[in-house]
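What follows is a short report on a single structure.
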Amino acid sequence: MHDFRTHTCGQLGEAQIGETVKLSGWVHRKRDHGGVLFIDLRDTYGMTQCVVDEDSPLINEIDKWRNESVITITGTVRKRAEGTANDRLATGAIEVYIEGADMQSAADVIPFQVAEDDGTGEDHRLKYRYLDLRREKMQKNIRLRNNVIRSLREKMWNKDFQEFQTPILTASSPEGARDYLVPSRLHPGKFYALPQAPQQFKQLLMMSGFDKYFQIAPCFRDEDGRADRLAEFYQLDVEMSFVTQQDVHDTIQPVIEQTFREHANFTGEERKVEWLPNLPYKEAMLKYGSDKPDLRNPLEIVDVTEVFNRDDVEFKAFKGVIAKGGVVRAIRAPKVSEQPRSFFDKLNGWAQKEGAPGLGYIVIEGGEGKGPIAKFVSAEATKQLCEIAGLEDGDAVFFVCDMEGKAANMAGKARDAICDSMDAAGIETREKGVYKFCWVVDFPMYEFDEKAQKIDFSHNPFSMPQGGLDALENQDPLTIMANQYDCVCNGFELASGAIRNHKPEIMEKAFGIAGYGMDTLEEKFGGMLNAMRFGAPPHGGLAFGIDRIVMLLADEPNLREVYAFVMNGAYEDQMMGAPTPAMEEQLKDLHLKVNMPKELVKKEEAA
RNA sequence: GCGGGAGUAGUUCAGUUGGUUAGAACGCCGGCCUGUCACGCCGGAGGUCGCGGGUUCAAGUCCCGUCUCUCGCGCCA
């Protein structure tokens, strides 16, 4: 017989009754009834009830074994007595009568319970992640992650993409986030950058003639975290040659759509997968106030600047902003006129927390406007408002007024806040049980950087501008669109990509408009620029955030729930103790001296 | 860097208007129990109430500072 096991803990059933078997696993729970002792033995495959009674000399020894100890038991599979079967357990028809038992590794008292999800704080869970990972939910989430990655990889292979690995110690990529730097010992004062994405490498592979590239690529960005953002994450990175934007979408959309369909019922709730028509960036910003709208939210934004600009509308707060070039955006909330005043007050309070003066609204009742600001809006103007926003009796309409960019943004947030409030008030608004996808297309190539007071790339600077060189030479840069697209699902940006610029002269012009001279271009991206001069195919691609995909499928609020090992919100790993100060020797090797922030030094001296 | 929330037993939490010896559940230790599967019953141990200062006869509770965790803003396309 094998040293450790003949079966797994999820395997035994009535077919094995009478067999002598060996199982190994963790003590999940014990139930001691005096004369009889039950042990639930757990491994990643399942759980098996093992029994020993007072006829056996083992009972006293086994009784002392703590939960989460690793043990091996030998015994006979027997049918459970009438009425004691457990339908909730896959192995619930049988139990193993213990004839031999070995302690492989005794567990100390554990810092939190593995057998139950008691809401243990994340800091504890991360410090003892190996224990946390034993819990059923994490085992399932990590398995989902495995399955999703296998699913994506298989589909890419089936489409004749080649899988690559690209360097981790490399130079800065054009993503725009802060780089993680690694000092070079052999080159004093010089640093490698960890890749924010393998952007240049995948483009270079196209220039090398590989035609269809993909990678499950680790990416690193040194920016503060969010629930859906980590310092290191994985992307399904894809690039193709001789393709249009439509080709890229047609190739990758089935991969994502099918992967979602395969795993959509992971939580036990059946979920639909819907792919909606392409959404131009401009329309997204106007109708949803976001370039990653949650399309389960049916509320839409309209522009009503003209209403508040009328002579018979007296609302000075808005008029003043409009005079400075601002806009008024409106969100219709259907059938909320019955809601108590607190419904509106809470939303107003929410808006103030977001830094707005408030969230003005008008309620339409009997064809008339009601509410705090209704008296400033004439009957004629109210009628026009109803036409533009499609208002009916019993509806309310909320207003955001600011300069265009800020107004769109705030309206987008308000759109979600109103939707949440309606759901909370029992008016079902946000659609449930569905993954709503779409491609957001036609992103602007440039934007005006208010801080630097200059034109800069709005997204990936390697994108091909729509209209090519001609557009760059003859169009107002702020009106030029890029062949750039995002894939959005339920309010999350799942992917971003573009048809790339493969012509050095367009590259030079494009960077020139953003104020980067040929010297900067050569210095930062010289390798790729050179490659373009030796025959570069038109190409494009995208990258999907794998962790976000798994997070959505697992219905988790947080990326940390779908990673085995992960840092906390401040990017510390309390389990491994990272980051740590470097030893003097190491710093010397690297020709580095640490220059601590003065305030930190003061604090440490005080302490 | 900024804002919201949290910090009390190993874990999750309760703790009234500032007032006796700071409680509960799970876990842990000891005992009882032959059919449970979140077993049950009895008993016990376990607390720098994050830390520092202040107000007060009296502080877990009020005030100030500080640290940690978390969510968001900035940042990240």
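Every value quoted in this text rests on a predicted model; they were computed, and no experiment measured them. Lettering of chains follows the sequences in order, A, B, ..., and the numbering in each one begins at 1.
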* Asked: Does U17(B) have a Watson-Crick or wobble partner in any strand here, with both distances under 3.5 angstrom, and which is it?
  -> none

* Starting at OH of Tyr571(A) and ending at P of U70(B), how long is that distance when rounded to a whole Å? -> 11 Å

* Using the P atom as the reference point in each nucleotide, state the distance between U61(B) and G15(B) in Å, no decimals. => 14 Å

* Structure fact -> For nucleotides 30-40 of chain B, 5' to 3', base contacts (B), sugar-phosphate-only contacts (S) and non-contacts (-) with protein non-hydrogen atoms under 4.0 Å give ---BBBBBSB-

* Asked: Mind checking who U56(B) pairs with, Watson-Crick or G-U wobble, both distances under 3.5 Å?
  -> none

* Structure fact -> On RNA chain B, more 5' by nearest nucleotide between Arg221(A) and Gly569(A) is Gly569(A)

* Under 4.0 angstrom, heavy atoms only, what part of the nucleic acid is Arg125(A) near: base, sugar-phosphate, or nothing? -> nothing

* Name every residue in residues 409-420 of chain A that has at least one heavy atom under 4.0 Å from any atom of RNA chain B, in order of residue number, or write none if there are no such residues. => none

* Taking atom types as modelled, find out whether Thr48(A) and Glu95(A) have a side-chain donor-acceptor pair closer than 3.5 angstrom. => no

* Structure fact -> note: Asp228(A), atom CG; C75(B), atom P; distance rounded to Å ~ 16 Å

* What residue among Arg88(A), Arg29(A), Arg31(A) forms salt bridge (charged side-chain N to carboxylate O under 4.0 Å, His left out) with Asp40(A)? -> Arg31(A)

* Asked: Just checking, is any N or O donor in the side chain of His539(A) or Gln203(A) under 3.5 Å from an acceptor N or O on the other one?
  -> yes

* For Asn558(A), answer base if it contacts any base atom (sugar-phosphate contacts may also be present), sugar-phosphate if it contacts only those atoms, and nothing otherwise; contact means non-hydrogen atoms under 4.0 Å. => sugar-phosphate

* Do Phe492(A) and Met551(A) come close enough that some side-chain heavy atom pair is under 4.5 Å? -> yes

* Reckon Asp224(A) touches a base, only the sugar-phosphate, or nothing at all at heavy-atom distances under 4.0 Å? -> base

* Would you kindly check whether a donor in the side chain of Arg229(A) faces an acceptor in the base of C76(B), or vice versa, at under 3.5 angstrom? => yes

* Taking the same atom, C1', in G46(B) and in A24(B), what whole-Å distance lies between them? -> 14 Å

* Could you work out the separation of G60(B) and U16(B) based on their C1' atoms and round it to a whole Å? => 13 Å

* Between C1' of C76(B) and CZ of Phe220(A), the distance in whole Å -> 16 Å

* Reading nucleotides 2-11 of chain B from the 5' end, what letters show protein touch, with B for base, S for backbone sugar-phosphate only, - for no heavy atom under 4.0 Å? -> --------SS

* Asked: Contact class for Arg226(A) (heavy atom, under 4.0 Å): base, sugar-phosphate, or nothing?
  -> base

* To do: Indicate whether any N or O donor in one side chain lies under 3.5 Å from an N or O acceptor in the other, for Tyr234(A) and Asp547(A).
  => no

* **P-based separation of C13(B) from U20(B) [nearest Å]** => 26 Å

* Asked: How about Leu12(A) and Val21(A): do any of their side-chain heavy atoms sit closer than 4.5 Å?
  -> yes

* If the P atom of A59(B) is compared with that of G52(B), how far apart are they to the nearest Å? -> 15 Å

* Asked: When you check the side-chain N and O atoms of Ser172(A) and Asp179(A), is any donor under 3.5 Å from an acceptor?
  -> yes

* To do: Find out whether Phe511(A) and Thr520(A) are in side-chain contact, i.e. whether some heavy atom of one side chain is under 4.5 Å from a heavy atom of the other.
  => no

* Asked: What is the nucleic acid contact for Asp291(A), judged by heavy atoms within less than 4.0 Å: base, sugar-phosphate only, or nothing?
  -> nothing

* Structure fact -> For G30(B), the nucleotide meeting Watson-Crick or G-U wobble distances (both under 3.5 Å) is C42(B)

* Whole angstrom value for the distance that separates C1' of C69(B) from CG of Asp573(A) -> 15 Å

* Sticking with atom C1', work out how far A25(B) lies from C32(B), rounded to a whole angstrom. => 22 Å

* **Min side-chain heavy-atom separation Arg42(A)-Glu136(A) under 4.5 Å** => no

* When rounded to the nearest 0.5 angstrom, what is the spacing between NE2 in His7(A) and OG1 in Thr91(A)? -> 12.5 Å

* Asked: Which whole number of Å gives the distance between the P atom of C39(B) and that of C29(B)?
  -> 16 Å

* Find the distance Gln196(A):CD to C75(B):P and express it as a whole number of Å. => 16 Å

* Pairing partner of U11(B) (Watson-Crick or G-U wobble, both distances under 3.5 Å) -> A25(B)

* Is a side-chain donor-acceptor pair under 3.5 Å present for Tyr485(A) with Asn278(A)? -> no

* Between G19(B) and U56(B), how far apart are the C1' atoms? Round to whole Å, please. => 12 Å

* To do: Take the protein atom CD of Glu556(A) and the nucleotide atom P of C71(B), then report the distance between them rounded to whole Å.
  => 13 Å

* Asked: Between Glu572(A) (CD) and C67(B) (C1'), how many Å, whole number?
  -> 12 Å

* 4.5 Å side-chain heavy-atom contact, Phe462(A) and Phe525(A) -> yes

* Calculate the interatomic distance between Leu126(A) atom CG and U68(B) atom C1'; express it in whole Å. => 14 Å

* To do: Could you tell me whether Lys454(A) sits above the aromatic face of Tyr516(A), with NZ or CZ closer than 6.0 angstrom to the six-membered ring centre and within 45 degrees of the axis?
  => yes

* Asked: What do the steps show when you test Arg430(A) against Asp294(A) for salt bridge (charged side-chain N to carboxylate O under 4.0 Å, His left out), and what is the final call?
  -> CA-CA 9 Å; Arg430(A) 197 182 302 268; Asp294(A) 184 353; 2.7 Å; yes

* Asked: How would you label the contact of Glu447(A) with the nucleic acid (heavy atoms, under 4.0 Å): base, sugar-phosphate, or nothing?
  -> nothing

* Structure fact -> Re G72(B): Watson-Crick or G-U wobble partner, both distances kept under 3.5 Å, found to be C2(B)

